[in-house]
Q: 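One structure coming up, written as structure tokens, with questions to follow.
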Amino acid sequence: MRRLIDLDHAFFAQAWRRHLTLGACFGWGLFEVLLGNLIWALIFLGLGAVALWQFRQIDWSKYDGGH
């Protein structure tokens, strides 16, 4: 069964891409909090939390080319 948000992809094997993705989600969520848009803030902060949880569950060594 496929997940709606599946971040287990070789694109995210490099740590800087994972950090950029999390920074974008949490940064935009905080930006929305500052603007007073709490619904959008919760959406982006929630997406960031789900991404962080999934990134921590994935074994990234399988994308090292077998090394």
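Only a predicted model underlies this, so the values are computations on that prediction, with no experimental measurement involved.
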Q: Tell me, please, which residues at least two apart from Ala10 pass side-chain contact (heavy atoms from CB on, under 4.5 Å).
A: Tyr63
Q: If we only count heavy atoms from C-beta on, is the Leu22 to Arg17 side-chain gap below 4.5 Å?
A: no
Q: Measuring from atom CG of Leu42 to atom CG of Leu47, what distance do you get when rounded to the nearest 0.5 angstrom?
A: 11.0 Å
Q: Can you measure from CG (Leu52) to CG (Leu7) and round to the nearest 0.5 angstrom?
A: 10.5 Å
Q: Side chain to side chain donor-acceptor pair (under 3.5 Å): which pairs involve residues 47-56, sequence neighbours left out?
A: none
Q: Phe12: which residues meet the ring-ring contact (aromatic ring centres under 6.0 Å, His included) condition with it, sequence neighbours left out?
A: Phe55
Q: Rounded to the nearest 0.5 Å, what separation is found between the CD1 atom of Ile58 and the NE2 atom of His9?
A: 11.0 Å
Q: Return the minimal non-hydrogen interatomic distance between Gly48 and Cys25, and the atom names on each side.
A: CA-CB, 3.6 Å
Q: Run through the side-chain heavy atoms of Ile, Leu, Val, Met, Phe, Trp and Tyr, join any pair under 4.5 Å, and report what else lands in Leu20's cluster.
A: Trp16
Q: Check residues 29-39 and write down every donor-acceptor pair under 3.5 Å in which the side-chain atom is one partner and the other belongs to a residue at least two apart or another chain.
A:
| residue | atom | partner | partner atom | Å |
| --- | --- | --- | --- | --- |
| Glu32 | OE1 | Asn37 | ND2 | 2.8 |
| Glu32 | OE2 | Trp28 | NE1 | 2.9 |

